[in-house]
Amino acid sequence: MMFDLDKWQEILATIRKNKMRTFLTGFSVAWGIFMLMILLGSGNGLSNGVASNFMSDAVNAMWIWSGETTVPYQGLKSGRPIRFHNDDYEQLKNMPGVKTVSGRFFMGNTRYAYGKESGEYTTVTCHPELNDVDQNVMLEGRYINQIDIEQRRKVVVLGKDIRDALFKDQPALGEYVKINNVPFRVVGVCMEPESTRNRNAFMPVTTAQTVFNGSNRLHNFALTIDGETLAESQSIEENIRRMLAKKHRFAETDDGALGMYNQLENYIQTMRIFQAIKIFIWIIGIGTLIAGIVGVSNIMLIVVKERTKEIGIRKAIGASPASVVGLILLESILITTVAGYIGLVLGSGLMELVNLAMMQSPGGEAQQGGTLFLNPTVDFGVAVSATVLLIISGTIAGYIPAKRAASIKPIVALRDE
Amino acid sequence: MIKLNDIHKSYAMGSSKLHVLKGIDLDIHQGEFVSIMGSSGSGKSTLLNILGILDNYDQGSYHLGGKLISNMSEKKAARLRNEMVGFVFQSFNLISFKNAMENVALPLYYKGVNRKKRNLMAMEYLDRLGLKDWAAHMPNELSGGQKQRVAIARALISQPKILLADEPTGALDTTTSYEVMAILQEINQAGITVIIVTHEHDIASMTKKVVRLKDGLIDEVIVNGELADFSSQYAREIQSV
């Protein structure tokens, strides 16, 4: 019955002759789907954007830095600077709940030179574990490794921008760059995903301490921790604070002496907000969809009412009830499918366009690593199911009055003026 | 051809019941040209609807072409209507968004005739009724007489055994009414049983048999020979009003 060409010709003829009716039905469906696509797309874009900001670093990362005490403690007056040393690193490494630790020693701006090219860049001194936190991607060579640390090798991993500036198109791997006039061998080139700034160089923290007068000092620590939940990560955070406070003799509550940043805590909180926004968007989306369904149902009711007389005529000249129901339903399915598809294409097309425009916009937010909006597209499955849902509801909405109209006696239908 | 035996029909009007047909016995043979007359409310349209299987009856029996028509499913009734009966209505009942040819061809669509063939046949019937040049016109572009001729062509295209017409001239002026009647007479001469409902005596007098209903019963049946007297009776009736 569905594939009877004659039937489709009859339906197409009816659609052609009733353009206004067709347009109204189609418009309400297309609009519903279109709005849904935009809403869901925006929601996705927002949460993708925020997630990507976190994703460039490990979610379970924690940073610890030292400062000056702000309250007197155990007879020591406030304003005392707290300094980390290598033994703090060893102790942190053995703390329960801590997965990896990297100590860092700041060198300030350092001068990098190769041949005639030179520039000032940030040197990050680290343990190999730093990359568990930073999650940089190696473009060439390798990252700092344990042997570099133990043997205090003079090796360096360059950020992509440094390599490009110093080496242009020449190979950098294995070459020696002068860092504050000390030659270091380049062992790798890396870049931070989702970032356009790669002006950091990485060198073994032990080498830096030796070469640049750091003795055994460390400025901060980057950790990854083994806490799945917020409570777990907070308890690990507290343990670390307690241990360091005891060791360096400052009050546990002294935020000036010891700074800590827990990525997971922030991530979970932010994600919770976005979960709420996502739920909100879904509620609006479902509301839009329901409005579309109600629109289609309404129009179907009117269509059937409007066609009562036609149905009567058709029945009087030999149409069976089933053929009448089929005629009305197939027409409605055809219109909702085509209109739903149009809404789908327009809605997702618009979101793709926005996406494209954002990808191509030079600089802008992306450069600061502060993308708030990323990949605002809708999952194809979700889009198709929404359209199918609308078609099915339109069909059900049309079926009930069509069935009723088809079952009334032709004389009653004919009397209906 | 048609055999009615003690047909009763009543409608529920709110809480009360309106007894419209109170026992109709009627035989109509193949090739007859019958008009059903009566004042409004006498049940003439109801009778026609029952004859056309558009409505069912409460009591009695109705045989059409030897087949008992009783409580059949909508689907079966639709098929039987399509095969046996052609309808012509007072208000023409053409489908407004289809042109004359498509309207005429529609019964064949429900018979499963393919598009090309049914359009060809529709043109043939329109030609027979002198409407060939109007085939592509929409109903609202046609005059009342033309619309009724399209409706007649539509009723005939499925080659029915009987043609039922409910006040076929009710919405037409006298000249067009006579033209339509002439067409119906022609159809009748071709062997098709034609039954019309009318309240106009001059229209009724063009048929071969007049069935007069009064309060849901057959008041009198006037056949061919007596039709001459019919006009005088018509005049008498006018005086009595």
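Chain letters run A, B, ... following the sequence lines, proteins first, then strands; residues in each count from 1.
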Can you tell me how far [atom2] of [Y] sits from [atom1] of [X], rounded to the nearest 0.5 angstrom?
X	Y	atom1	atom2	result
Lys315(A)	Glu74(B)	NZ	CD	3.5 Å
Ile317(A)	Asn103(B)	CD1	CG	7.5 Å
Glu310(A)	Leu106(B)	CD	CG	8.5 Å

Is any side-chain heavy atom of Arg314(A) closer than 4.5 Å to one of Tyr110(B)?
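The answer is yes; the side chains approach within 4.5 Å.
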
Can you check whether Ser91(B) reaches Lys309(A) side chain to side chain, under 4.5 Å on heavy atoms?
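Yes, close enough: below the 4.5 Å cut-off.
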
For Ile313(A), is there any backbone N or O sitting under 3.5 Å from a side-chain donor or acceptor partner on Asn93(B)?
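It does not hold such a pair.
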
Which bit of Leu94(B) comes within less than 4.5 Å of chain A, counting heavy atoms only: side chain, backbone, both or neither?
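Backbone only.
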
Which one wins on heavy-atom pair count under 4.5 Å against chain A: Val85(B), Asn56(B), Ile53(B)?
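Max contact count across the listed options: Asn56(B).
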
Please rank Lys98(B), Arg79(B), Lys111(B), Glu102(B) by heavy-atom pairs under 4.5 Å with chain A and give me the top one.
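If we count pairs closer than 4.5 Å to chain A, Lys98(B) comes out on top.
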
At their closest point, which heavy atom of Ala316(A) faces which heavy atom of Phe89(B), and how far apart are they?
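Heavy atoms of Ala316(A) and Phe89(B) come nearest at CB-CZ, 4.1 Å.
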
Shortest non-hydrogen contact between Ala319(A) and Ala78(B), atoms and distance:
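So the two residues come closest at O-CB, 3.4 Å.
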
What part of Ser407(A) lies closer than 4.5 angstrom to a heavy atom of chain B: side chain, backbone, both or neither?
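Looking at Ser407(A), just its backbone touches chain B.
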
Are there over 12 heavy-atom neighbours, none belonging to Tyr341(A), within less than 6.0 Å of that residue's OH?
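No, OH of Tyr341(A) has 12 or fewer neighbouring heavy atoms, counting only those of other groups under 6.0 Å.
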
Write out, in numerical order, the residues from residues 134-155 of chain B with a heavy atom short of 4.5 Å from a heavy atom in chain A.
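The stretch touches chain A at Met138(B), Arg154(B).
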
